[in-house]
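These notes are about the structure you will find just below.
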Amino acid sequence: MSSICREVITLQLGHYSNFVGTHWWNLQDASLSYDPEMPPGEIQSDVMFREGQTLGGNITYTPRLIVMDLKGSLLTLRQEGSLYDTGKETAAISWDGSLMTHKESPPEKNSFLEDLDKLDRGDILTEVDFSSSSMPPRERSLNVDTVNSRLARVQKNYKLEGSVKVWSDFLRIHLHPRTISVIHQYNHDGEADRLEAFGQGQALLQGSVLQELDDKLHFFVEECDYFQGFQVLCDMADGFAGLGSKVTEMLQDAYGGRGILTYGVAPVSHPNSTPTKDLYHLLNCALGTVHLASHSSIYCPLTLRGGLGLRPSSPLSFPYLTYDPSLWYHSSSVLALALDALTAPYRLRNSVPMWQLADSLSASGRKVVAAYGAVPFPMMHGDSLPDALSACAESLPWKPLSTCPEAGDGRCYGQWVTLKGLEGQRLISSGAPGTEPPSALHNLHSGEDVLASYVASFYPTAPLAVQLVSSPSKVMPPFPRIFHQSVTNRGLVHSQQPPTSSLAASAVSSVPVITSLQSGPALDPWLAELHRSVSAFDIRRVAPSFLAQGPEMADYSEVLEQLRLLARCYRDDSGGMTRSSSEDDDDD
């Protein structure tokens, strides 16, 4: 008997959120399979995707997704998509006088999008592809495996770094006509009419924008049978932080009891930034953190920046990645790989409901959580899981994905660890009988026990949940070539030593990833530093225009106080923790 499908609706609010989301949906699409001979996979795709039908009777499979972005952000992508296009012109011209037509050349498509168009037209079908022509129409229309193999044969190594301007430049799936909402009041490009401040975003959720969002939500929610909640990606550095605060408040009011898992995303850098814009980015992050945490089940920042302040340290680096932090196309792909593992627990066929994951991490009002990840998980070719973890015995393999370093003292209020992608690898030791095992991990009899024992050695008293998912993240075209040459086709590594060369691997098709979601005392200094950064100046003097469209000064001061109190929720003086003078100042 198949398990219940607990549907999730995803909202992507802002341009960088859509960069991350596009990579994430591409990863999901690459893993879809409709081979009736294959057993059902661990990931239940119907949680995130919906089945529909075109006017011509073709079966479709599209994300249960609502996208919000600004005017000029779509370029070659039609807002209503092309999946349900009848090919007929419906507009009738009744004017009898002379007409003057102004025709604008459409934006040029890159090589990847051109190949997708050819696939849709059937121009590059091979003889092998036609061998399945006896399939029923349903199987043919949903045969994603065939499309994936065709894309791989057409052009395996796309180099899109110079041609990706917006997220739709590397979108490989069709979207439902109700998915995209364009906010016409603000421009994506240029210096005029920019959505830069928190108050601008808050003011947007009214009138036609509110009505359109409400209509889309009702459409997707009403077709769900066991709806479990919302997965929200929201830009944190611009006015979308304010829009997201209102959207999550609306979700909380209208769909109380459902999970709202919000991921606040921020790029490493912004093009054409200035000191004033950097200050706005900081203010938006601070206000967004308070509001989104208040209206969500849990709130998790996701970024590869070295910090959220005005002077962050160097961007995050991974030993087996060669990504360019300044390229949104690159940095968003790393976050999408991490998000693929972070979201796996509530997408599994035998899933953990959103509310259960959130409740285990948000006790005592601690709704902000920090994410950590290793992309890829450092496992040598031929090793077992105990071998790989034993090689990391001195320190945990992951890096902070929320700019929040771990405390390092073994204290944690709750943690979810997901290891995804060790399909075909040995999860336990297979040493010869009578030989001394290299470590205690080699004595354990399940992969879950191995992983739990390893993490517990760093957090001996912390509540812990572990999840092993065997299927890897499949990095099919147009995923960027950001893996080091020491990474194999399956995402394993050739040596235990971190690579020194900057050459990229050419044919990585899948990777294992490990992630951790944590609530712990490490968030106290992180949130306190964010509070100190925005409290260090008089906003009425240095950024009066930020308050021009709201919030009022009294509301702004109240939010800063809430941020200070939020930091104190994570303060733990048990065990003799020494408080710094700056922390004592916060109590005054």
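Predicted, not measured: the structure shown is a model, and the values here were computed from it.
The pair D340-R347 counts as a salt bridge, with a side-chain nitrogen and a carboxylate oxygen less than 4.0 angstrom apart. A salt bridge does not link R64 with E7: none of the charged nitrogens is closer than 4.0 Å to a carboxylate oxygen.
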Check step by step if salt bridge (Lys or Arg N to Asp or Glu O under 4.0 Å) holds for R366 and D524. CA-CA 10 Å; R366 303 183 185 109; D524 168 27; over 6 Å; no

Between H494 and T488, is the side chain to side chain contact (heavy atoms under 4.5 Å, CB included) condition met? List the steps. CA-CA 7 Å; H494 286 301; T488 70; 3.4 Å; yes

Determine, step by step, whether T62 and T179 satisfy the side chain to side chain contact (heavy atoms under 4.5 Å, CB included) criterion, reporting the C-alpha distance in whole Å, the side-chain angles of both residues, the deciding distance to 0.1 Å, and the verdict. CA-CA 10 Å; T62 54; T179 282; over 6 Å; no

Would you sort out whether T343 and L261 count as a side chain to side chain contact (heavy atoms under 4.5 Å, CB included), showing the intermediate values? CA-CA 9 Å; T343 60; L261 272 55; over 6 Å; no

Under the side chain to side chain contact (heavy atoms under 4.5 Å, CB included) rule, what do L233 and L11 come out as? Steps first, then yes or no, please. CA-CA 6 Å; L233 275 68; L11 289 89; over 6 Å; no

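Atom CG of residue L292 and atom SG of residue C300 lie 12.0 Å apart, to the nearest 0.5 angstrom. Expressed to the nearest 0.5 Å, how far CD1 of I482 lies from CG of L337 amounts to 6.5 Å. In this structure, the separation between CG on L427 and CG on D449 is 11.0 Å, given to the nearest 0.5 Å. The line from SG of C224 to CZ of R258 is 9.0 Å long, rounded to the nearest 0.5 Å. The distance from atom CE of M379 to atom CG of L419, rounded to the nearest 0.5 Å, is 8.5 Å. The line from OG of S473 to CD of Q28 is 8.0 Å long, rounded to the nearest 0.5 Å.
Although no hydrogens or angles enter the test, the distance criterion places a donor-acceptor pair under 3.5 Å between the side chain of S509 and the main chain of N489. The backbone N or O of N18 lies less than 3.5 Å from a partner atom in the side chain of T22, making a donor-acceptor pair. At distances below 3.5 Å, at least one donor-acceptor pair connects side-chain atoms of D324 with backbone N or O atoms of S326. Listed for the Y299 side chain is no donor-acceptor partner under 3.5 Å among the backbone atoms of G288. Under the 3.5 Å distance criterion, the side-chain polar atoms of R490 are matched with a main-chain donor or acceptor of E423. Here the side chain of H23 pairs no donor or acceptor atom with the backbone of S332 at under 3.5 angstrom. No donor-acceptor distance shorter than 3.5 angstrom exists from the side chain of Q518 to the backbone of C412, with no hydrogens or angles considered. Side chain of K420 to backbone of P512: no donor-acceptor contact under 3.5 angstrom is found. No donor-acceptor pair closer than 3.5 Å links the side chain of S384 to the backbone N or O of R426. Using a distance-only test at 3.5 Å, with no hydrogens or angles considered, no donor-acceptor pair links the side chain of Q12 to the main chain of L65.
When all heavy atoms of L32 and S45 are compared, the pair lying nearest together is CD2-CB, 3.4 Å. Across every non-hydrogen atom of P301 and V369, the tightest pair is CD-O, 3.4 Å. Contact between D169 and L160 at its shortest, heavy atoms only, is O-CD1, 4.5 Å. Nearest approach of T262 to S296, heavy atoms of both residues: OG1-OG, 2.7 Å. Across every non-hydrogen atom of G306 and S313, the tightest pair is O-OG, 3.2 Å. Pairing each heavy atom of F377 with each of I514, the nearest pair is CD1-CG2, 3.6 Å.
Counting only heavy atoms from C-beta outward, the side chains of V47 and S351 never approach each other to under 4.5 Å. Counting only heavy atoms from C-beta outward, the side chains of D235 and V265 approach each other to under 4.5 Å. Counting heavy atoms from C-beta outward, L464 and Y459 have side chains that stay 4.5 Å or more apart. Side-chain contact between S333 and Y323 is absent, with no heavy atoms from C-beta onward closer than 4.5 Å. A 4.5 Å side-chain heavy-atom check between W167 and V67 finds at least one atom pair inside the cut-off. A 4.5 Å side-chain heavy-atom check between Y454 and L444 finds every atom pair outside the cut-off. Taking 4.5 Å as the limit, some side-chain heavy atom of N26 sits within range of a side-chain heavy atom of P478. No side-chain heavy atom of P325 sits less than 4.5 Å from a side-chain heavy atom of L304.
Summarising the local packing, NZ of K367 is surrounded by more than 12 heavy atoms from other residues, nucleotides or ligands at distances under 6.0 Å.
Classification of the F19-Y16 ring pair by plane angle, with boundaries at 30° and 60°, yields parallel. Relative ring orientation between F230 and F227 is described as perpendicular, the plane-to-plane angle rising above 60° on a 0-90° scale split at 30° and 60°.
With ring centers used as reference points, Y346 lies 6.0 Å or more from W355.
For the residue pair H442 / S439, a side-chain donor-acceptor distance below 3.5 Å is found, with atom types taken as modelled. For the residue pair T403 and W526, a side-chain donor N or O sits within less than 3.5 Å of a side-chain acceptor on the partner.
With L385 as the partner, the side chain to side chain contact (heavy atoms under 4.5 Å, CB included) test is satisfied by one option alone out of D383, D387, L389: L389.
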